[in-house]
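Below: the structure, in structure tokens.
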Amino acid sequence: MPVLRSIESKIEGLFEGVFGRAFRTSVQPIELARKLVKEMDAHRNVSVSQVYVPNEYTIYLSPNDRKQFAGYEESLVGELQEYLAEHAQRERYALLGAPVVLVTTDDDLAVGEFGIATRLVADEASDEPPPPPELSLEQPAQTMIYRAPEPPVDAAPPPEPAREVVSLTVAGRQHVVTEPVVVLGRSRDAGVRISDVNSSRKHAEIRQEGSTFWVVDLGSTNGTLVNGKRVDRKRLRDGDRITLGSTEIVFGRSIPKS
């Protein structure tokens with residue numbers, strides 16, 4: 001599967017299902033992704049040897065539209081930035097820094113409307129050569145206003161997306177995780193019980209937010225480590241190693257089909 005298509009699928013999965021049915025004319029994440037790429041293409045700056053594109057994108061949302069992203073905005077912004085970076089790489093665009101997506105509220109926008117403003121921003125701390133003098137920096141381009149497409153009349157509701165199943169491997173034993181939140185620790189009530197005197201009764205939890213999984217320390221005595229570094233909250237990727245006390249747990253996103 002092409003990288004951009006893979007990222008699009010992740011973005012689409014953030015708010016499909018319940019949100020997709022409840023807010024059918026509101027702003028959808030995949031629409032934001034596609035319009036951000038459109039703005040990148042529309043604001044190309046051709047220099048002698050390279051084509052520069054904006055690296056800062058501000059998204060303006062109505063108050064009600066932004067509310068639907070509560071609790072998921074950080075994950076959404078990360079996916080959108082990755083989407084822009086992959087598009088720039090594929091098109092061989094030059095960037096003055098990694099794409100940055102900012103989200104703000106605009107009370108003048110109606111539900112389903114959103115604006116995008118772009119800027120070329122030079123990173124003074126970067127080791128890259130300075131940008132060509134002909135580039136127009138810092139001044140934002142005119143904000144473009146978009147509206148979410150109206151759904152077809154009597155359209156059938158989208159099917160529920162298949163829930164991703166992940167695993168936690170403890171001492172060679174694989175535990176399949178099917179709930180959005182699972183507690184790890186010594187307690188009998190823990191979703192994945194850890195028989196380790198150095199771990200707390202409720203030591204940490206694995207939490208799904210949209211298409212992203214996180215490990216969150218629950219105020220444990222000895223702390224939670226991911227790949228050897230102590231964390232309070234950390235985004236998980238396939239193969240990450242979580243340490244609770246003296247027990248190592250391997251997080252996996254690829255569950256073989258039976």
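Positions are given from 1, in the same order as the sequence printed here.
The backbone N or O of Asp189 lies less than 3.5 Å from a partner atom in the side chain of Ser187, making a donor-acceptor pair. No side-chain donor-acceptor contact under 3.5 Å links Ser220 to the backbone of Ser200. Listed for the His43 side chain is no donor-acceptor partner under 3.5 Å among the backbone atoms of Leu120. Remark: the backbone N or O of Ala110 is paired with a side-chain donor or acceptor of Glu113 at under 3.5 angstrom. Judged purely by atom type and a 3.5 angstrom limit, Asn55 uses its side chain to pair as donor or acceptor with the backbone of Val121.
The side-chain heavy atoms of Leu184 and Ile249, taken from C-beta on, include a pair separated by under 4.5 Å. Counting heavy atoms from C-beta on, the side chains of Met40 and Lys38 never come closer than 4.5 Å. The shortest side-chain heavy-atom distance between Asp107 and Pro63 falls under the 4.5 Å cut-off. Asp196 has its side chain out of reach of Leu244: every pair of non-hydrogen atoms, C-beta onward, lies at least 4.5 Å apart. Within the 4.5 Å cutoff, side-chain heavy atoms of Leu76 are placed close to those of Leu32. Within the 4.5 Å cutoff, the side chain of Glu205 has heavy atoms near those of the Leu218 side chain. For the pair Phe251/Ser167, no side-chain contact is recorded, criterion being any heavy-atom separation below 4.5 Å from C-beta on. Val165 has its side chain out of reach of Val177: every pair of non-hydrogen atoms, C-beta onward, lies at least 4.5 Å apart.
The two atoms that bring Val111 and Arg147 nearest to each other are O-NH1, 3.2 Å, heavy atoms only.
The pair Arg90-Glu86 fails the salt-bridge criterion, with no side-chain N (NZ, NE, NH1 or NH2) lying under 4.0 Å from an Asp/Glu carboxylate O. Looking at Arg235 and Glu79, a side-chain N of the basic residue comes within less than 4.0 Å of a carboxylate O on the acidic one, giving a salt bridge. Salt-bridge annotation for Glu73 and Arg66: present, with a side-chain N of the basic residue lying under 4.0 Å from a carboxylate O of the acidic one.
Note that OG of Ser211 and CZ of Arg253 are 6.5 Å apart. Values are rounded to the nearest 0.5 Å. To the nearest 0.5 angstrom, Arg230 atom CZ is 7.5 Å from Thr224 atom OG1. The distance from the OG1 atom of Thr221 to the NE2 atom of His203 is 8.0 Å, given to the nearest 0.5 Å. Atom OG1 of residue Thr178 and atom CD of residue Gln208 lie 10.5 Å apart, to the nearest 0.5 angstrom. Annotation: the span from Asn227 atom CG to Lys229 atom NZ amounts to 8.5 Å, rounded to 0.5 Å. Note that NZ of Lys234 is 7.5 Å distant from CG of Asp240, once rounded to the nearest 0.5 Å.
For the residue pair Gln50 and Tyr52, a side-chain donor N or O sits within less than 3.5 Å of a side-chain acceptor on the partner.
A continuous path of ILVMFWY side-chain contacts below 4.5 Å connects Leu61 to Met144, so both sit in one hydrophobic cluster. Both Val27 and Val77 are part of a single hydrophobic cluster, where members link through side-chain heavy atoms under 4.5 Å apart. Residues Val183 and Phe213 do not share a hydrophobic cluster, clusters being chains of Ile/Leu/Val/Met/Phe/Trp/Tyr side chains in contact below 4.5 Å. Hydrophobic clustering (ILVMFWY, side-chain heavy atoms < 4.5 Å, transitive): Phe114 and Val100 are in distinct clusters. Hydrophobic clustering, with ILVMFWY side chains joined whenever heavy atoms are under 4.5 angstrom apart, keeps Val215 apart from Leu225.
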From CA spacing to verdict: side chain to side chain contact (heavy atoms under 4.5 Å, CB included), Asn64, Lys67
CA-CA 5 Å; Asn64 286 335; Lys67 270 183 193 176; 4.1 Å; yes

Mind running side chain to side chain contact (heavy atoms under 4.5 Å, CB included) on Ile59 and Leu36 for me, showing each step along the way?
CA-CA 9 Å; Ile59 298 173; Leu36 283 170; 4.0 Å; yes

If you apply the rule side chain to side chain contact (heavy atoms under 4.5 Å, CB included), what do you find for Glu248 with Ile242, and how did you get there?
CA-CA 6 Å; Glu248 186 175 85; Ile242 306 163; over 6 Å; no

Chi angles and distances behind the side chain to side chain contact (heavy atoms under 4.5 Å, CB included) call for Val170, Thr247:
CA-CA 8 Å; Val170 185; Thr247 300; 3.8 Å; yes

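Both tests pass for Arg233 against the ring of Trp214: distance under 6.0 Å to the centre and angle within 45° of the axis.
When each of Asp65, Leu102, Thr104 is paired with Tyr60, the side chain to side chain contact (heavy atoms under 4.5 Å, CB included) condition holds for Thr104 and for no other.
Lys35 NZ: more than 12 foreign heavy atoms inside a 6.0 Å radius. For CZ of Arg241, the number of neighbouring non-hydrogen atoms (other residues, nucleotides, ligands) closer than 6.0 Å is 12 at most. Crowding of Arg186 atom CZ: a count of heavy atoms from other residues, nucleotides or ligands under 6.0 Å exceeding 12. Atom CG of Asp41 has more than 12 neighbouring heavy atoms from other residues, nucleotides or ligands inside a 6.0 Å radius.
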